[in-house]
Amino acid sequence: MASKRSNSVTGSQSKKHKTDDEYLQNSYLRKTLIESGLILKHPPEKCIASEKTIIVIRNIKKNIQKHFDYPRNITDLYMNLKQECHNLDVFKQYLFPNIIRIVSDSSDEIILSDSVFKILLNVPILQNKLIDFIFEKAIDLASESNCSPWIQMILKCFSSLNNISDSEKMATNLINLLDVTTEKIVRLEIISAIPGIIGDQEHSNVATEMSRILSEDQDLIPAILDCLSYLCLSNEDYEKLQKKTLNILLSLSKCVHFPNFVKFLLQPSRISDTAYLEAVQGLRNALGWSTSIAKYQDIATSQVLTAVAIRNSMVSSKVIANAWLKVISACKVNTDHKAIDFIIFLILYSTSEEKQKQVEIIIKKQIKCNALKETLLDECFEKYKPILRDYLKHLICLTNSLLKVKADIVIATFASHLYTLMFSKLENSSRTVVAEILQLGLDSKHCVLNILLILNSVAAKDISLLKPQSVQMLTLLDRMDDMNLNEIRAIMNLLCGLAYSYENSVIRDDIHMVIRKELSSSSPKIKLQGILAGIHAVKYLMANSNDDYTPHLSDDNSFGSVSHLSEGDLREAAVIIELISQSTRQLPDMIAFFYDEFTKVIETASHINKQFLSWLTYAVTNDLQQNFIVESIEKEMIGELKLSLQYCLNTESEMDETIAINIAGLALQSKSEIDVGILSSLFQLVQILHCKQYEGDLSNIDALLGCAVIMPVVDLDVIEDLDNSSISNILDCLIHCVNWFRELLNAFAMQDDDALKTKILKRVLQIEELEILIEKIILKSTVTYKPPVCNFNVKKYTGEQIEKRPFRTQISKLKAQKVNAQDDALIPETVKTQGTQNNQNTVKSKLDSVHNVPLRHLGLNVLHLLKNDLSSNADSGESDMSIKTLKFVLKCVNNNIENILIAKIKSQAFLLKQDHSMMYDPKKAEDCAKLISDILPKTVDHLKNITFFLDDFIASHNNQDEHVFNLTSEVMDYITCLEYIFNMYTIYFKWIGFKSHHNALLKCSLQTIAFTDNTNLVSLKDLVSAAVKHLKKYEKYCLQLTTAVALIELLKSVQEYSENTVTLKILRGMAHNFLSQKWLTPDGIPEKGLFFNQSVDKFAALYFINNEIVELKALTIQLANDIKVLKSRNDTLSSLKTISKGNFAILYRNLGTAIHESTKSRLNKGLTNTDHLELWKDVAIILKHMSDIAKTLENRNNLSAFFKKSLPIIKLFLSQGIPILEIQLKNETEEVLEILKILQQSTRFLQSLCCHSRLKKDIVLMSKVPYMRQLLETLIYKVKAALVANKCSEAFWMGNLKNKNIHGEVIASQESIESEQSAENDDEDLLEEDESTNSDDEVLNPDSKSISDIV
């Protein structure tokens, strides 16, 4: 029974399937498709098409539409298809391209690329229903995470459609599917296909949805951004999308997508210039690669691809490149910059030659204004190594261009730091960098020293970086023929470091052979090279740490033998020293050069083998003792000169036996084997060796500080009775003695023993006395004197200096340069010399006559003398400094630190040749700055003592008018010390090291000179303000012009670190006070000449700086009234007593500069149209009064100043004034006309000046006449255009302007004057030019309110 039932059920089911299949086989869908040429088959069979696809589609559309039940038959067809596709296998069959075409003529089967669904979708009347059906099936599959095998074919059906009837529905379905599916591959496929499916009209909505998804799923970022790039959006939509994308980028954690964002945000020609600026600014803020989030390899890849994307955008669009430039160049202070800015500079530099020049200019400018610092480079090389490696070629090219800048230490230091970072940070790039840097040395000779210093700096930090390039470096030896000493020194240091710093160096034998060959040469220049090579070889050999112990010193002279040293590097070093000594034995200048150079090497050596140091110290000290120290005078008389022991400071209890330095004995004996000129150099080496061996303790040689010197007895009263040779011998001995004392100062200045301090200060006084004695002898005698060879001029061998000729002593006191009278009028006041004045009364002239005396250089150690107290009265201790000692020390200190810190107080005059050989040593400069910082508190104490004295002096002269003081020599010493301290501070604060590093040191120093213990002053701005306010108190002590200039320069150097209105106001007020003061020399004569005019120029520039236009107008009106008192050349203004008729042009020129700067500054602040009118009215009034001043004080300098300073103001008026006047002409007619009326007087005067320059044949002014006339003509036509725009053209007419001189007189023509033929020719020439360059005359009738006579 059961089996029968079972069989009946099975039979019924099979009957049902059969019925369904029969139904489907006979369905409306199939019949229609068969009639159209398409036979549907279920898998595994393929569907068959009897016609081409396009014919099948046409037939389907035709068959559906001709059906009797149309359009209801569409539903039947759709239901049949839906029923068939209920089976996923069938759905897949119809979705995929499973159609073959059988050609009737042959049995070949052609596989078609189209699917059943694709064919049906191309029938418009079926499209909407089929789209809904397909997306329903897709969403069902997506909900089951089973859509990935289907998605490509689903999207392919839609992407190839010729037309989509309902784009909005299609977009909605795609977004819905995107939201439903969780499969990443499906989402990526959909996003990638969207631009090819959706019509343009729906792109805006799709972009909105895409940006939403972008913020939700970071994995889809590349696909979404690519999709958005292909969408057609309006500018507004794109800018909105840009802002959203930037916000997403700022919160992005994955750096791998940065290139995609850059590519999308910087698409060319998509947005406005302003939007590009915002995009660039946003990218600059957002691009950061955090090592804590991503791996190094991911970061490197992302950085390189991002740089490529940025560069591609720059190349494709100038707007984008300029946007980057604009954003980065807008950084005015170093805190505004980011590390990526330098990378952007580098990418820009790689794009084109035009951009290279722009980048170079911006970088140089920002380095100079301290906006680009070395710390930024350090950060850049830490973060962006992959990009820097990729752009190494361009980085080297950029660095080379910076190195080529002449005479700019700041830029050269920046470039040097770049090269140093390339060596240390960019591994495996050393060979390329070395090759490029050496090639630069061949191409640009002035870069050689900087290049060598870079290589030495790299070697000092890690010589292994250069070790592989050792042989390559040997090529430097071939280039030394035309190098100076500094360059040769740097080459030898580098090569010897590579040869002797490590064992088995491949160039060691080569260098050793070079040393021997050069030392044996007869050519002085080559011998110098050998000495330098030998010294630097010893530098590295003596650093050997083997057998590093201090041996027991014996009295046996054999200890100085080389045999006492261990074999190896130490003995090799000793052999080289002996070789140098033997080769220079008969050459005193070479011996002294060897000692001086060896001293520098010993002083800077970080490690010296103790055994070698003991041997060397013994040997050198023994040389000094044997050759220069004696116990008594061998000869009492040499010639007509009597010798005696002089300048002894040692007491009998301090010495076991009398010793003396035999200066006169050696200097006066013509046949002496020992040249006394090498004494100072030898002692310098002795003291530095003792200092190294005994860790600064010089007790073994401190007897030399106070020992006597054998000198000739000098009597000034009988000096004129001596013969010339005797006078020369006396001067020689005095100079040698001064140099000996100077080296004693260098050696013992750091010693803390009170007894030694007393002797040191006495030696300072003796140095001053001796220098004054030398001056008196030179001035009193008539001998043609050639100074002794002390500072040996070895540079003459390298061609750097020419040996000075003997000078006649009386030339300096009898003659002064004269300025040709006929040229006097052509030279501006600021460059006229004081040649016509008697300079003997000035303090500075006292040492002019001894400027050729060769004195030894005082080192940095002398700074320690400033730690001594300043004696205020006779009861002061012996270790206290006198005011004369302080003055001498400060003067020497300033000369020294100015060269070390490279901070020149005086600006380079245009007539003087610049020194390009100046070498800056950052390490030495840093040590110097720290030493100055240590003694700053003591200098503040010295300032207090000086001001106490000056307070008493000023108080005792309170009753005198106009601060006319009787300045004694003592008072002048105090005033000079004040000036020197100001100068020292100025040099210190101008140090370039403060601009890149050492911020803490700067703040500490500012707090010291501000004389405040206020711990609340933390910021640099507050400290600068406090320092400036404190320094202002010293204004009343400026009793001499030089002191006033020194104080102004100090305030300017401090103010540079933080500009604010308070400090500027103080500076301006002080400058005004100094301009208002009548300056006299110490002898009561009014100051004048070059320095005086340069000082007035500085004061005037500060007085006018940052003044508002209203204030400048008041000052100009006041000047126009005050100049009436200037009748003669020496008359001065009542309000500004430094200004006379002779130097008024200085003030006048600065006023013109200030007007232009102030106007430009005011315009940049943003003004209303009414404010513009007020501004230009004030400017017109100022120009009018300036022209009145030029007419009143008619001389070439004033006329030239007015002409040149008016040019930029007129140009500014044309570009920013006329457009506003045109707008306001209708509403504020009276105001506009008044401005033009006032301006007319100045422009007419300018036209007269054009004629005047031609009449007077003033070449300087004539060169600017064409440009001025062009501006004036442009002004006319712009005024006319403004009138036409306001429908007032009938109020304007033009005529020919008569040629007049500055007095308003018509320049005579040929018809109205009879003169000599030459004059007639001149007039003809003048008229011909004037006719060709006539300005137009416009007439103003007040009644008709028309424009008149603008020019």
Side-chain angles (χ1 to χ4, degrees), residues 272-274 277 326 330 1061 1104-1117 1151-1187 1205-1244 1246 1268 1270-1294 1336 1338-1351:
S272 64
D273 293 1
T274 306
L277 274 174
K326 189 171 183 179
T1061 53
F1104 290 127
I1105 195 170
N1106 290 333
N1107 259 317
E1108 291 295 332
I1109 281 291
V1110 177
E1111 296 173 5
L1112 290 174
K1113 182 175 75 171
L1115 288 170
T1116 310
I1117 294 171
L1151 176 60
T1153 303
I1155 292 166
H1156 176 249
E1157 293 298 325
S1158 182
T1159 306
K1160 194 164 66 172
S1161 173
R1162 182 85 188 282
L1163 289 170
N1164 291 335
K1165 292 179 181 178
L1167 304 173
T1168 64
N1169 288 353
T1170 304
D1171 291 338
H1172 267 281
L1173 291 184
E1174 292 177 2
L1175 171 65
W1176 288 114
K1177 184 177 179 180
D1178 289 339
V1179 172
I1181 291 171
I1182 293 172
L1183 283 177
K1184 173 187 174 298
H1185 286 290
M1186 285 189 71
S1187 63
K1205 298 302 176 182
S1206 298
L1207 277 169
I1209 299 173
I1210 298 294
K1211 186 178 178 181
L1212 199 62
F1213 178 69
L1214 283 172
S1215 62
Q1216 300 197 45
I1218 287 291
I1220 301 298
L1221 265 61
E1222 181 180 340
I1223 295 170
Q1224 296 299 103
L1225 184 59
K1226 196 168 186 178
N1227 298 326
E1228 300 182 64
T1229 309
E1230 293 293 336
E1231 285 292 322
V1232 173
L1233 292 178
E1234 187 179 1
I1235 292 171
L1236 295 173
K1237 283 181 190 177
I1238 299 169
L1239 188 63
Q1240 134 200 336
Q1241 300 175 52
S1242 303
T1243 54
R1244 276 200 142 194
L1246 287 170
M1268 174 60 81
Q1270 181 189 357
L1271 285 179
L1272 296 178
E1273 288 175 8
T1274 305
L1275 177 59
I1276 292 170
Y1277 290 115
K1278 287 210 171 188
V1279 170
K1280 181 178 181 179
L1283 289 169
V1284 171
N1286 287 275
K1287 299 179 180 179
C1288 301
S1289 56
E1290 68 281 355
F1292 181 88
W1293 65 275
M1294 291 188 295
D1336 300 302
E1338 300 157 15
V1339 180
L1340 174 68
N1341 182 349
D1343 298 331
S1344 64
K1345 298 180 181 178
S1346 62
I1347 303 300
S1348 78
D1349 265 8
I1350 295 300
V1351 180

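Along the sequence shown, residues are numbered consecutively beginning with 1.
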TODO: Starting from the C-alpha separation in whole Å, work towards a yes-or-no answer on side chain to side chain contact (heavy atoms under 4.5 Å, CB included) for Trp1176 and Ile1220.
DONE: CA-CA 10 Å; Trp1176 288 114; Ile1220 301 298; 5.7 Å; no
Under the side chain to side chain contact (heavy atoms under 4.5 Å, CB included) test, which residues partner [X], sequence neighbours left out?
| X | value |
| --- | --- |
| Leu277 | Ala323, Lys326, Val327 |
| Ile1117 | Lys1113, Asn1121, His1185 |
| Thr274 | Ser272, Glu278 |
| Lys1160 | His1156, Glu1157, Asn1164, Leu1212 |

Task: side chain to side chain donor-acceptor pair (under 3.5 Å) partners for Thr1153, two or more places apart - done: Lys1205
Task: Non-neighbouring partners of Glu1234 that pass side chain to side chain donor-acceptor pair (under 3.5 Å), sequence neighbours left out - done: Lys1177
Atom pair [atom1]/[atom2] of [X] and [Y] - distance to nearest 0.5 Å:
| X | Y | atom1 | atom2 | result |
| --- | --- | --- | --- | --- |
| Ile1109 | Glu1174 | CD1 | CD | 12.5 Å |
| Glu1111 | Thr1116 | CD | OG1 | 11.5 Å |
| Ser1158 | Asp1178 | OG | CG | 10.0 Å |

Of all the heavy-atom pairs spanning [X] and [Y], show the shortest one and how long it is.
| X | Y | value |
| --- | --- | --- |
| Leu1239 | Ala1180 | N-CB, 4.2 Å |
| Gly1152 | Ile1209 | O-CD1, 4.3 Å |
| Ile1235 | Leu1173 | CD1-O, 3.4 Å |
| Leu1151 | Leu1112 | CD1-CD2, 4.1 Å |

- [ ] Taking the side chain as every heavy atom from C-beta outward, state whether Asp1171 and Leu1175 have any atom pair closer than 4.5 Å.
- [x] no
